[in-house]
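Chain identifiers are assigned alphabetically (A, B, ...) following the order of the sequence lines, protein sequences preceding nucleic acid strands; residue numbering begins at 1 within each chain. Keep in mind that what you see is a predicted model, and the values were worked out from it rather than measured.
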Amino acid sequence: MTTTLTSHRPRPPAQPPTLRARRLPKWLPPAVALGALLVAAAIVYGAGIGGPVLVVVVGALLYLVGLFAAANAVEGRRSARNRTWSALIHSAFVLAVLPLASVVWTLVTKGLERFDVNFFLTSMNNIGARDPQGGAYHAIVGTLIQVGIAALITIPIGILCAIYVVEYGRGRFAFAIRFFVDVMTGIPSIVSGLFVLAFWVLVVSPYFSSTGRPGFSGFAAALALSVLMLPTVVRSTEEMLRLVPAPLREGAYALGVPKWKTILRVVLPTALPGIVTGVMLAIARAAGETAPVLLVAGGGAAINFNPFENNQSSLALFVYQQAGDASRYAPARAWTAALTLVALVLVLTVAAKLLARRNRLGR
Amino acid sequence: MGETPHRSADAGTGGTRVTEGHPWPAGASARVAEAPVSTRTPGGPGLGGGAALPTARRFGAERAFRGLTLAAGGFVLVVIAAIAVFLIAKAVPALQANTESFWTFEGWFPNDAQPKFGIGALAFGTVLTATLALLVAVPIALGIALYLSHYAPRRVGTSLGFLIDLLAAVPSVVFGLWGREIFLNPVRDFSTWLNTYFGWIPIFGGDGPFGRSILLGSLVLAIMVLPIVTSLSREVFLQTPTANEEAALALGATRWEMIRTAVLPYGRPGILAAVMLGLGRALGETIALAMTLGITFNISFNLIESGGNSIAANIANTFGEANETGRGALIASGLVLFAITLIVNITARAIIYRRREFTESAA
């Protein structure tokens, strides 16, 4: 059938022999790129307006224009647009990877300079501007204590609050709680620091300190961090509780289990991996906060295990202080502390993400 | 509720015992729950058996647990109220002591005997740096997200996506340190170049010194916000229904046309949410800006001359030497920052909710 048809109507000679549209030859885009670079170099060095960086920038722009023109002539407008956007998206990727890779590279190379035992076993007490030693022991202690207290405060309150919103809350009150948790998510970290300064450091702490005067403390920093963590914990827990299938709850009710026991024994264990992931991400974020600690913990140079009295430092604050320090040994300390901080945060984050992958509820 | 079975059971046994078997008046259902079994005829099988459900006890575990979660929910409201009350209480005396207009005065001298301070320049700097950062970061972030979700090979996409997620967790103090020590030099060279060839445009004018400028601050902010926006929008792009994408491709769309007609419209609310989250981060960012801006107190659109300031950076920088009024002034500026972020958040949420309704009704 088809053979007779084709034999009766031979193809017009003008059409291409295949069904496929005409395409740019494979060698053309690289050739356009090379040409664009050469032209750009000629323009830039001819006019004397810049160096190699400008050549690359101008060359990239010329390449986009040239590619569009070539594809437009051969393949048509739609394909030309497709090629140009594809090139743009790839260049966006390259453009962003450069600074991010630079951040990681500097962090690792400069951070390893002082990454020794001394750094982790000494504080900055009695370290003068000319001393090359000094370390972040006090800052690490401070970070762990503050984040630990903040987690102790936040996790029970946050999970209970999420349980109320998901399981019990009805009507205006629950809506108000959800709305204000949203509002809390938007609180800048420095504002939470200011709040704890106005509330705990200036008003409450004089009643507790032995001198009767307002004082900075690690506990104040923990309070500020928990204000920041609370909305994150509530939101992630809430999301996870909503993912628990209703038949699980109904099954428990049908067996005569009271609601509170259903929540504690059925709903929470089912949602647990997701909740732990959310909590760990919140902790990781809190560990990296500088601003609230700067305002309310004071940041001393000595080791202080007592969160309720006297100044305490933290890793993030240590980085900030050392970066502003005039000593020529300070930058190395700042970078090493930054590396330590990033390592701490990343361990938490990676663990949380791995846990999230094993989550049976999925997203 | 517990009435019907007994009546039918007794009715089944028949005889005069129907009336005798009811020692209580009909309709007194409160006592039905207590003694349904005892009223059955001894020996005769209860036909419609089963005990009534136990009524709620007044002080049981259920009530206690419910009250606990309610308290946790209420705690969030208490915290929000406390933040407002304490910040306002500390800010008002300082505002009353201010001898210049808080809104228009360009300068920050709250520690003088005649306190003078104004929020105008700081708020301007906050909004300007955040806007510039987003203008730079959002197109690039969307490009990377599209690359990772639709252009890169699947395996490369997931592993790089994981890396981007990790970069989103890097604390801002690290970006600040990098911006101050590494990124400053290229930005200074770029600023000088811009000034030489584009000095006739006011935003690139001025005669130095260049470097620690709005440009540096917003670029560092952009690099910081980039991973956050990327990782959120990548997730959104990945959730595009495969059916939509395949339908577009089957109709002969090029890859870009498929993205434009299927992926982007589907992801629009998610992209908007990601951008708004990035904006919130950028507005409240403290330490990265405190470490990179050149701290001046004037309103200027010049991007490349050393200078610039933001509310949060100013709090971090001047907190150390602030006295009573100074702290109040900083707290007042923190309130303004809170108000700005609140407005942004609420607007974002309103837009997202409305968009979501549209897309759902359209689907």
Side-chain angles (χ1 to χ4, degrees), chain A residues 49-50 78-79 81-82 85-86 88-90 92-93 95-96 99-100 102-103 106-107 157 160-161 163-165 168-169 176-177 180-184 186-191 194-195 198-199 227 230 258-260 284 288 290-291 294-295 316 319-320 323 331 334 338 341-342 345-346 349 353, chain B residues 61-62 65-66 68-70 72-73 75-77 79-80 82-83 86-87 90 139-140 143-144 146-147 151 162 165-167 169-175 177-178 180-182 193 197 223 226-227 254-257 280 283-284 286-287 291 312 315-316 319 330-331 334 337-338 341-342 345 349:
Chain A
I49 51 172
R78 286 174 56 209
S79 171
R81 218 170 259 162
N82 184 34
W85 274 106
S86 171
L88 270 177
I89 284 171
H90 281 89
F93 179 71
L95 199 64
L100 290 175
S102 163
V103 171
T106 358
L107 183 67
I157 295 179
L160 284 175
C161 179
I163 288 177
Y164 177 77
V165 171
Y168 290 107
I177 291 176
F180 280 107
V181 167
D182 273 0
V183 170
M184 265 183 102
I187 293 182
S189 59
I190 192 105
V191 172
L194 285 175
F195 160 63
F199 160 68
V227 169
L230 190 60
K259 191 167 185 178
W260 66 274
T290 320
L294 171 74
L295 291 191
V319 175
Y320 178 62
L341 179 61
V342 169
V345 169
L346 286 197
T349 315
K353 301 252 171 203
Chain B
E62 179 64 39
F65 187 70
R66 192 196 159 96
L68 202 63
T69 61
L70 182 68
F75 182 77
V76 172
L77 302 186
V79 169
I80 285 278
I83 290 177
F86 277 95
L87 288 188
K90 287 284 171 189
I140 298 181
I144 308 174
L146 280 178
Y147 173 77
Y151 281 84
F162 190 70
D165 282 4
L166 292 189
L167 279 172
V170 170
S172 60
V173 69
V174 177
F175 284 101
L177 186 62
W178 175 80
R180 182 197 184 104
E181 300 230 325
I182 309 293
W193 183 84
Y197 295 102
I223 292 166
L226 194 73
T254 59
R255 190 183 288 195
W256 165 248
E257 281 165 346
L283 282 172
T286 310
I287 292 299
M291 289 167 94
I315 296 174
F319 175 74
L330 292 181
I331 286 173
L337 176 62
F338 186 31
T341 48
L342 200 61
N345 273 335
R349 244 162 252 291

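Side-chain rings of Phe195(A) and Phe199(A) approach one another, their centers coming within less than 6.0 Å.
Here the NE2 atom belonging to His90(A) is positioned 11.0 Å from the CG atom belonging to Leu146(B), to the nearest 0.5 angstrom. Separation of atoms CG (Leu341(A)) and CG (Leu346(A)) is listed at 9.0 Å; rounding is to 0.5 Å. Rounding to the nearest 0.5 Å places CG of Leu68(B) at 11.5 Å from SG of Cys161(A).
Heavy atoms of Phe75(B) lying under 4.5 Å from chain A belong exclusively to its side chain. Both the backbone and the side chain of Leu166(B) come within contact range of chain A, judged by heavy atoms closer than 4.5 Å. The parts of Ile83(B) that come within reach of chain A are both its backbone and its side chain, each placing non-hydrogen atoms under 4.5 angstrom from that chain. When heavy atoms are compared at a cutoff of 4.5 Å, Lys259(A) approaches chain B by way of both its backbone and its side chain. For chain A, the nearby parts of Ile223(B) are the backbone and the side chain; heavy atoms of each come within less than 4.5 Å. Within the 4.5 angstrom heavy-atom criterion, only side-chain atoms of Arg180(B), from C-beta onward, approach chain A. In this structure, chain B has no heavy atom under 4.5 Å from any part of Ala284(A). Leu226(B) touches chain A through its side chain: at least one heavy atom from C-beta onward sits under 4.5 Å away, while N, CA, C and O do not. At a 4.5 Å heavy-atom cutoff, the contact between Leu95(A) and chain B is made by side-chain atoms alone. Both the backbone and the side chain of Ile187(A) come within contact range of chain B, judged by heavy atoms closer than 4.5 Å. Proximity to chain A (any heavy atom under 4.5 Å) is restricted, for Glu181(B), to the side chain, taken from C-beta onward. Looking at Leu342(B), only its side chain comes within 4.5 Å of chain A, counting heavy atoms on both sides. Both the backbone and the side chain of Leu177(B) come within less than 4.5 Å of a heavy atom of chain A.
Most heavy-atom pairs under 4.5 Å with chain B, from the set Leu100(A), Leu230(A), Leu88(A), Leu107(A): that is Leu100(A). Put simply, of Val165(A), Thr106(A), Asp182(A), Val345(A), the one with the most heavy-atom pairs under 4.5 Å next to chain B is Asp182(A). Counting heavy-atom pairs closer than 4.5 Å to chain A, the top-ranked of the candidates Phe175(B), Trp193(B), Phe319(B), Phe162(B) is Phe319(B). Counting heavy-atom pairs under 4.5 Å between each of Gly284(B), Pro171(B), Pro139(B) and chain A puts Pro171(B) at the top. By number of non-hydrogen pairs under 4.5 angstrom with chain A, the leading residue of Lys90(B), Arg66(B), Met291(B) is Arg66(B). Most heavy-atom pairs under 4.5 Å with chain A: of the set Phe65(B), Trp256(B), Phe86(B), this distinction falls to Trp256(B). In terms of heavy-atom pairs under 4.5 Å with chain A, the best-connected choice from Leu167(B), Val173(B), Asn345(B) is Val173(B). With respect to chain A, the highest number of heavy-atom pairs below 4.5 Å among Ala316(B), Ser172(B), Pro227(B) belongs to Ala316(B).
In plain terms, the two heavy atoms of Pro99(A) and Trp178(B) that are nearest each other are O-CZ2, 3.8 Å. Heavy atoms only, all atoms of each residue included: Ala323(A) and Ala334(A) are closest at N-CB, 4.0 Å.
Counting only heavy atoms from C-beta outward, the side chains of Leu194(A) and Leu87(B) approach each other to under 4.5 Å. Contact annotation: the side chain of Ile315(B) approaches that of Leu295(A) to within less than 4.5 Å [non-hydrogen atoms, C-beta and beyond]. The side-chain heavy atoms of Arg255(B) and Tyr151(B), taken from C-beta on, include a pair separated by under 4.5 Å. Two residues are said to be in side-chain contact when any heavy atoms from C-beta on lie closer than 4.5 Å; Ser189(A) and Thr286(B) meet this criterion. Inter-residue side-chain proximity for Phe338(B) and Val183(A) is flagged as met; some heavy-atom pair is nearer than 4.5 Å.
Among residues two or more places apart in sequence or in another chain, the side chain to side chain donor-acceptor pair (under 3.5 Å) test is passed with Thr254(B) by Glu257(B).
In this structure, Tyr168(A) and Tyr164(A) have parallel ring planes: the angle between them is below the 30° cut-off, well short of the 60° mark.
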